[in-house]
2 protein chains.
Amino acid sequence: MFIEINSNSDVPIYLQLAHQLMEGMVRGELKAGDSLPSVRAFASDLGMNMHTVNKAYHYLEEKELIQIVAKSGVIIQPNVVSKATEEKKQKLVAQLRPYVTEGLVLNLSEEELVLMVRKLVQNIEEGNE
Amino acid sequence: MFIEINSNSDVPIYLQLAHQLMEGMVRGELKAGDSLPSVRAFASDLGMNMHTVNKAYHYLEEKELIQIVAKSGVIIQPNVVSKATEEKKQKLVAQLRPYVTEGLVLNLSEEELVLMVRKLVQNIEEGNE
DNA sequence: GTAATTGCTCTACTATATGTATAACAAATG
DNA sequence: CATTTGTTATACATATAGTAGAGCAATTAC
């Protein structure tokens, strides 16, 4: 599981970390039951602050993708991959909307947008760039 | 052109405004050559601050969707809908990536994601919700 | 049982983003 | 000439992002 952080990106560090962990889950590199490094160890490895890793963990916990066990130090993901609630799907749609709009205003066709998504799915599942 | 701002949303007001103007462009309600209200008038209409409207306008100008003519007061959109540069498409793909990842980790299939996009395109073009 | 590790919390500081607010300037418009 | 225009400047409040250090209580390892 390689993590690559771009400090020049406008995407916050903790989100970059969380996103890449999510991609690891999709790829099966992080399976249900696996544990993640401690916030201190991970922060040290990645050259970032403990609190930043902590924030990424809590972000993933809020999405019910991992489970943080109180003072036990172990972090496991029980229901990954989980079921998509209708509520979660609606939220996702709302978040996608401005980007689809931007595609349309850039004169991309529906088919071009669909192809974009298909390629993205491939890249994420194969772990490309 | 109805603008509806949700002050409870976590999406900044100026982005909500910009997004809805973009949807208006997609729908053809805002055509090339049309002018937009002045920042003061628009802000007054929408019950928000002048600077917030100004920020939305500059956001759209940066995307080359509108043209702000110096101190002339007129705002026109010359090349809407414009051509999608390869650079712009790559940027869009990068922005879409975390959301597609979230869909996958929610156990949505590629086809479900594609259907999501198709429905979004329809809703945006028809001006639904 | 002791020591190390764990997640968690608290405080603190810096920087940036967001939104509101007022004022003023220079150019275009009526 | 007066109004309207986008622009700029300053100011203030709040929130987010990131770093930093210290400490607590429970679990884990030896």
**Prompt:** Does a nitrogen or oxygen in the side chain of A:Asn54 sit under 4.0 Å from OP1 or OP2 of C:dG7?
**Reply:** no
Whole-Å distance, B:Leu17 CG to C:dG19 C1', equals 14 Å
In whole angstroms, the gap separating C1' of C:dA21 from CE of B:Met48 amounts to 15 Å
Those residues at least two apart in sequence (or on a different chain) that pass side-chain hydrogen bond (donor to acceptor under 3.5 Å, both in side chains) with B:Glu86 are none
Residue pairs meeting ring-ring contact (aromatic ring centres under 6.0 Å, His included), one or both in residues 101-127 of chain B, sequence neighbours left out, come to none
- Query: What about B:Met48 and B:Ile3, same hydrophobic cluster or not, with Ile/Leu/Val/Met/Phe/Trp/Tyr joined at side-chain heavy-atom distances under 4.5 Å?
  - Reply: yes
Whole-Å distance, B:Gln16 CD to C:dG19 C1', equals 13 Å
Where do N or O atoms of nucleotides 23-25 of chain D meet protein N or O atoms at under 3.5 Å, pair by pair?
| unit_1 | atom_1 | unit_2 | atom_2 | d |
| --- | --- | --- | --- | --- |
| D:dG23 | O6 | A:Arg40 | NH2 | 2.9 |

Rounded to whole Å, the CG-P distance (B:Leu46 to C:dT20) equals 11 Å
ask   = Any salt bridge between A:Glu102 and B:Lys88, counting N to O under 4.0 Å?
value = no
Can you pull every protein N or O that's under 3.5 Å from an N or O on nucleotides 11-13 of chain C?
none

For residues 107-129 of chain A, the ring-ring contact (aromatic ring centres under 6.0 Å, His included) pairs (sequence neighbours left out) are none
Sequence neighbours excluded, the answer for side-chain hydrogen bond (donor to acceptor under 3.5 Å, both in side chains) partners of B:Ser44 is none
Subject >> Joint hydrophobic cluster, A:Met116 plus B:Leu115, side-chain heavy atoms closer than 4.5 Å >> reply: no
Quick note, ring-ring contact (aromatic ring centres under 6.0 Å, His included) partners involving residues 16-37 of chain A, not counting sequence neighbours, are none
side-chain hydrogen bond (donor to acceptor under 3.5 Å, both in side chains) filter on B:Gln20, not counting sequence neighbours, yields none
Sorted by chain and number, sequence neighbours left out, side-chain hydrogen bond (donor to acceptor under 3.5 Å, both in side chains) with A:Glu29 holds for A:Arg27
Determine: side-chain N/O of B:Thr52 to OP1/OP2 of C:dT20, distance under 4.0 Å, yes or no. yes
- prompt: When clusters are formed by joining ILVMFWY residues with side-chain heavy atoms under 4.5 Å apart, either directly or through shared neighbours, do A:Leu60 and A:Leu15 land in the same one?
  reply: yes
- prompt: Is it the case that more than 12 heavy atoms not belonging to B:Glu62 sit under 6.0 Å from its CD atom?
  reply: no
B:Glu61 atom CD is separated from D:dT7 atom C1', nearest whole Å, by 12 Å
The nucleotide from D:dT7, D:dA20, C:dC8 with an atom nearest the side chain of A:Asn49 is D:dA20
Phosphate OP1/OP2 of D:dT5: any B:Ser38 side-chain N/O under 4.0 Å: yes
Enumerate all atom pairs, one protein N or O and one N or O from nucleotides 14-17 of chain D, separated by less than 3.5 Å.
| unit_1 | atom_1 | unit_2 | atom_2 | d |
| --- | --- | --- | --- | --- |
| D:dA17 | OP1 | A:Tyr14 | OH | 3.3 |
| D:dA17 | OP2 | A:Tyr14 | OH | 3.3 |
| D:dA17 | OP2 | A:Lys55 | NZ | 3.1 |

Here the distance between atom C1' of D:dG18 and atom CG of A:Asp10, to the nearest Å, is 16 Å
Axis-to-axis angle for the helix from C:dG1-D:dC30 to C:dC25-D:dG6, ends of five pairs each, to 10°, equals 30°
Any Lys/Arg nitrogen of B:Lys119 or A:Glu110 sitting under 4.0 Å from an Asp/Glu carboxylate oxygen of the other? no
ring-ring contact (aromatic ring centres under 6.0 Å, His included) pairs touching residues 84-120 of chain B, sequence neighbours excluded, are A:Tyr99-B:Tyr99
